[in-house]
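Report on the structure given below.
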Amino acid sequence: MLTFWRKSFLLSLAVANLALAEDVIIDDAVFYGQSPAVHPSPEGTGAGDWASAYTKAKAFVAKLSDDEKVNLTAGITAENGCSGNIQGITRLGFPGMCVSDAGNGLRGSDFVNGWSSGVHVGASWNRDLAKQRGIFMGQEYRKKGVNMILGPVVGPLGRVALGGRNWEGFAADPYLSGILVAESVKGLQSQNVATSLKHFIANEQETNRNPTTDSDGHYVESVSTNIDDKTLHELYLWPFQDAVLAGTTCVMCSYNRLNNSYACHNSRALNGILKTELGFQGYVITDWFAQHTGIASANAGLDVVMPSSSYWNSNLTTAISNGTMEASRLDDMITRLMATWYYLDQDSAFPKPGVGMPSNISAAHKAVISTSKAAKSVLLQSAIEGHVLVKNQNNALPLRSPKLVSVFGYDAYSPLAYTLATSFSFPTTARSALYQNGTLYSAGGSGANSPAYIDSPIEALQRRAYKDGSSVLWDFISEDPVVNYVSDVCLVFINAFATEAVDREALSDTHSDTIVTNVANKCANTVVVVHNAGIRTIESWVDHVNVTAVIFAHLPGQDTGRAIVDILYGDANPSGKLPYTVAKQPSDYGPLLQPTESEGKYQYFPQSDFTEGVYIDYRAFDKDNIEPQYAFGFGLSYTTFGYSNLKISKTSASSMTYPPSAPIVPGGNPRLFDTLAKVSATVKNTGSVDGKEVAQLYIGIPNSPVRQLRGFEKVLIKTGKSATVTFNLTRRDLSTWDTDAQQWLLQRGTYQIFVGRNSRDLSLTGTLTI
């Protein structure tokens with residue numbers, strides 16, 4: 001916790017209209033709650049596989065006038081339907097760049113697919129599927145002339161249970177998020193489409209995310225994420241590092257302040273960590289309207305501003321002439337930008353920027369068809385594997401030739417209206433139109449997408465009834481519906497909505513819970529399907545004797561109906577696992593339930609102190625010995641699996657205390673990713689149905705949480721057969737961050753090894769001695 005004098009000191013700086021601790025160093029230590037300056041901004045070197053791109057970029061920049069350089073540092077308004085644009089330079093054959101939302105499918109365009117959202121991919125625990133999803137999404141962006149996708153998302157990580165944008169990210173765990181974001185980056189960029197990794201960094205709430213003016217006319221700064229260096233590295237930076245290692249070409253800085261310095265002009269984060277420690281060779285772009293200073297932000301490592309800049313323009317050349325900014329900094333900004341264009345071969349046969357995006361003013365727009373038949377199987381499989389079956393009483397599922405299926409709840413039907421603009425909205429409440437929004441295939445805000453169609457659950461159920469010769473009844477309106485007593489099964493569809501710009505109000509809602517309870521009181525076989533944009537507690541009805549099955553269906557995208565019917569009828573065996581912890585009651589999340597509000601002595605300078613350190617989600621539940629409703633990594637199948645034959649071995653790689661020195665490449669010191677140990681186990685399908693199992697490896701590192709995820713493998717195993725799963729443990733996997741040495745420290749001692757089904761069911765245990 002910050003001492004009172006230190007917070008008061010920072011506050012006095014703000015009142016005096018000085019940079020909030022950005023250029024203040026009390027001593028050599030990195031203080032919690034303040035961000036020491038790191039200057040100058042390091043120039044990109046072309047490290048790793050970027051050398052050729054940098055050679056071309058530098059040659060390009062050498063031909064630019066000062067005005068042309070300045071023009072490339074900020075976006076422009078272009079009426080081509082893109083979220084943002086970098087202007088072209090015709091005389092040099094540079095057509096400009098189109099950048100567009102979102103991380104789960106192109107938003108605001110016709111003839112594209114609505115893919116499963118980040119949390120849905122997280123629930124699949126399938127790295128191969130994440131990459132395939134990225135490949136086909138990338139093809140769609142490319143055909144539409146989109147040079148850069150504004151995604152994927154690993155910030156927020158999911159610290160705050162009610163966070164409004166948690167659903168855009170993959171998981172409330174850095175390891176799982178890191179693996180899936182890396183595969184997503186590889187898939188997307190394999191199609192020559194750039195990724196913009198966001199939001200850097202510790203962007204964990206929507207409340208007070210931007211400066212505002214309160215009801216009394218007082219200016220209120222964005223919330224400051226106050227976080228120590230150890231927590232930053234071990235938790236929030238981890239998945240960003242994996243994405244940089246995978247080759248991500250752009251990083252988007254976030255709205256919040258980090259240790260009282262705005263993230264988009266935080267020189268320690270951008271210059272010191274991202275560009276130096278991680279060796280990032282791409283460029284840093286702002287979130288929209290996230291620039292709050294002029295030359296200071298350029299010197300701090302910001303490269304490009306969106307959607308434009310009122311601070312830069314000719315001020316950049318003026319600053320160079322008066323010595324407040326080096327000319328080399330401007331050149332590096334543009335070199336980094338152009339290097340990404342060359343790195344992804346966008347100078348060779350890439351479509352015209354925004355060529356397939358609908359224009360609001362062009363009646364002559366002709367749709368560029370971007371969807372493909374080849375994508376359909378990946379679309380559906382991605383939708384299926386993000387469903388998590390958490391209750392299946394007396395094997396209620398899969399359904400066995402039901403003759404009468406009764407369907408209830410507002411989430412079962414398609415939205416009553418759908419246009420390209422429908423999905424992009426910032427409602428004034430996180431429950432806006434809760435009972436009218438139809439099936440929740442994606443949540444709201446800039447992370448939403450624009451499906452080619454929406455296959456709702458009721459439509460898919462009616463197709464199944466046609467095929468089977470069965471009957472379907474439904475009531476989507478009543479809170480206390482009439483239930484036909486001969487119903488074989490009652491399916492109740494509810495959801496938990498979330499959106500950008502506001503945090504969620506609660507983890508459950510009375511209306512939805514009442515529907516479930518009223519149906520269950522009248523139907524002995526009630527199956528509940530929850531399309532949830534984040535954690536959803538179910539304490540009021542989960543133990544009802546007539547609630548026989550519960551599925552967290554997350555956000556499957558446009559094939560939501562097909563996916564759930566395949567699972568309900570057993571055409572697909574559920575294999576999803578929770579990428580977060582579901583508590584028995586909201587209070588179990590403690591202070592991490594709610595976002596930080598602007599109040600008290602810091603009401604004009606909101607402070608969010610991450611005093612819990614690395615203890616979020618399952619780490620916090622383990623630390624405080626709280627029994628969850630459903631543990632992180634939990635998920636049922638229609639079959640069963642057994643674990644045996646744990647083996648642990650060390651490799652010949654160096655196990656010295658700190659990583660051996662090596663030239664920094666994108667991702668950092670490559671020696672961090674040396675494999676130091678290997679763990680294997682045998683998984684057997686002991687049931688009667690073929691199925692996929694996610695074997696999970698957790699490590700108990702000395703002086704750290706009881707266990708942390710450090711490996712997972714999803715394997716398809718036929719009934720009665722076995723598979724061997726192998727986990728490679730890298731130096732970073734086994735290390736903790738040493739704030740004094742500013743290095744990853746490999747401690748001497750005994751490391752606990754756990755392998756099993758989820759974070760609370762780990763049947764195989766062993767030790768590793770370093």
Side-chain angles (χ1 to χ4, degrees), residues 75 82-84 97 99-107 117-119 121-122 134 137 141 146-159 163-171 174 177-178 180-182 184-185 188-189 193-206 209-210 222 225 232 236-244 246-258 262-266 269-270 273-275 278 280 282-291 301-307 336-337 340 424 443-449 498-501:
C82 300
S83 301
M97 298 182 188
V99 304
S100 274
D101 296 318
N104 58 343
L106 190 55
R107 180 181 62 78
S117 295
V119 68
V121 177
M137 279 176 53
Y141 276 81
V146 178
N147 299 80
M148 183 172 72
I149 173 177
L150 295 173
V153 173
V154 288
L157 184 66
R159 172 184 183 260
R165 300 188 77 173
N166 290 351
W167 62 276
E168 294 183 46
F170 298 100
S177 294
L180 295 176
V181 75
S184 298
V185 166
L188 286 158
Q189 293 193 171
V193 174
T195 53
S196 178
L197 189 67
K198 60 185 190 181
H199 305 88
F200 194 74
I201 188 172
N203 176 56
E204 296 296 318
Q205 66 178 63
E206 295 299 280
R209 71 173 188 164
N210 274 324
S222 295
T225 294
L232 182 72
Y236 299 100
L237 183 66
W238 187 289
F240 282 97
Q241 184 169 15
D242 284 334
V244 173
T248 190
T249 49
C250 177
V251 170
M252 178 184 288
C253 52
S254 54
Y255 286 126
N256 59 287
R257 291 178 292 149
L258 175 65
Y262 272 100
C264 287
H265 73 250
N266 189 303
L270 302 182
I273 296 177
L274 181 62
K275 291 183 176 181
L278 300 191
F280 178 58
Y283 66 100
V284 177
I285 193 172
T286 65
D287 205 337
W288 266 234
F289 304 103
Q291 185 186 33
L302 178 62
D303 300 306
V304 176
V305 180
M306 281 291 173
R336 287 175 173 273
L337 171 69
T340 67
F424 183 70
S446 60
N449 56 29
T499 183
E500 180 180 359

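Hydrogens, waters and symmetry mates are skipped; everything else that's a heavy atom, side chains included, is used.
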Item to check | Candidate pair L188 and I149, rule side chain to side chain contact (heavy atoms under 4.5 Å, CB included), full reasoning | outcome: CA-CA 9 Å; L188 286 158; I149 173 177; 4.0 Å; yes
Checklist entry - Y283 and T249: side chain to side chain contact (heavy atoms under 4.5 Å, CB included), yes or no, with the steps? => result CA-CA 7 Å; Y283 66 100; T249 49; 5.8 Å; no
Item to check | From CA spacing to verdict: side chain to side chain contact (heavy atoms under 4.5 Å, CB included), R257, T225 | outcome: CA-CA 6 Å; R257 291 178 292 149; T225 294; over 6 Å; no
Checklist entry - Does the side chain to side chain contact (heavy atoms under 4.5 Å, CB included) test come out yes or no for L302 and H265, once each step is laid out? => result CA-CA 7 Å; L302 178 62; H265 73 250; over 6 Å; no
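Put simply, the side chain of N266 gets close to the backbone of A269: a donor and an acceptor are under 3.5 Å apart. A donor-acceptor pair under 3.5 Å links the side-chain atoms of S177 to the main chain of A171, judged by distance alone. Judged by distance alone, the side chain of N203 and the main-chain N or O of S254 form no donor-acceptor pair under 3.5 Å. Although no hydrogens or angles enter the test, the distance criterion places no donor-acceptor pair under 3.5 Å between the side chain of H199 and the main chain of C253. In this structure, E204 contributes its side chain and L157 its backbone to a donor-acceptor pair below 3.5 Å. Panel note: side chain R165, backbone G445; no donor-acceptor pair is recorded below 3.5 Å. Remark: side-chain polar atoms of Q189 are paired, donor with acceptor, to backbone N or O of G247 under 3.5 angstrom.
Side-chain polar atoms of D101 and S446 form no donor-acceptor pair below 3.5 angstrom. For the residue pair T286 / Q291, no side-chain donor-acceptor distance below 3.5 Å is found, with atom types taken as modelled.
A 4.5 Å side-chain heavy-atom check between P174 and Y236 finds every atom pair outside the cut-off. Counting heavy atoms from C-beta outward, D303 and K275 have side chains that approach closer than 4.5 Å. Side-chain atoms of L197 and F240, non-hydrogen and from C-beta on, do get closer than 4.5 Å to each other. Between Y255 and W288 there is a side-chain heavy-atom pair separated by less than 4.5 Å. The shortest distance between side-chain heavy atoms of R107 and S83 falls below 4.5 Å. No side-chain heavy atom of M148 sits less than 4.5 Å from a side-chain heavy atom of V193. Between R209 and N256, the closest side-chain pair of non-hydrogen atoms is not below 4.5 Å. For the pair V99 and V146, the minimum side-chain heavy-atom distance is 4.5 Å or more.
Here OG of S196 is found 12.5 Å from CG of N147. Values are rounded to the nearest 0.5 Å. For the atom pair L150 CG and Y141 OH, the distance stands at 7.5 Å (nearest 0.5 Å). In this structure, CG on L106 lies 9.0 Å from CG on N449, to the nearest 0.5 angstrom. The distance from the OG atom of S222 to the CG atom of N210 is 5.0 Å, given to the nearest 0.5 Å. With rounding to the nearest 0.5 Å, the separation of CG in L337 from CD1 in I285 is 8.5 Å.
Nearest heavy-atom pair, S184 versus P152, reported as atom, atom and distance to 0.1 Å: CB-CG, 4.4 Å. The heavy-atom pair separating G158 from N166 by the smallest distance is CA-OD1, 3.7 Å. In this structure, F289 and P307 approach most closely via the heavy-atom pair CZ-CG, 3.5 Å. Considering all non-hydrogen atoms of both residues, A263 and F200 come closest at CB-O, 3.7 Å. The nearest pair of heavy atoms linking A448 to A443 is CB-O, 3.3 Å. Scanning both residues, C264 and A290, for their nearest heavy atoms gives CB-O, 3.7 Å.
When T248, V121, V154 are each tested for a side-chain contact (heavy atoms from CB on, under 4.5 Å) with V181, only one passes: V154. Checked options L274, I201, L270, T195; the residue passing with V251 is L274 (criterion: side-chain contact (heavy atoms from CB on, under 4.5 Å)).
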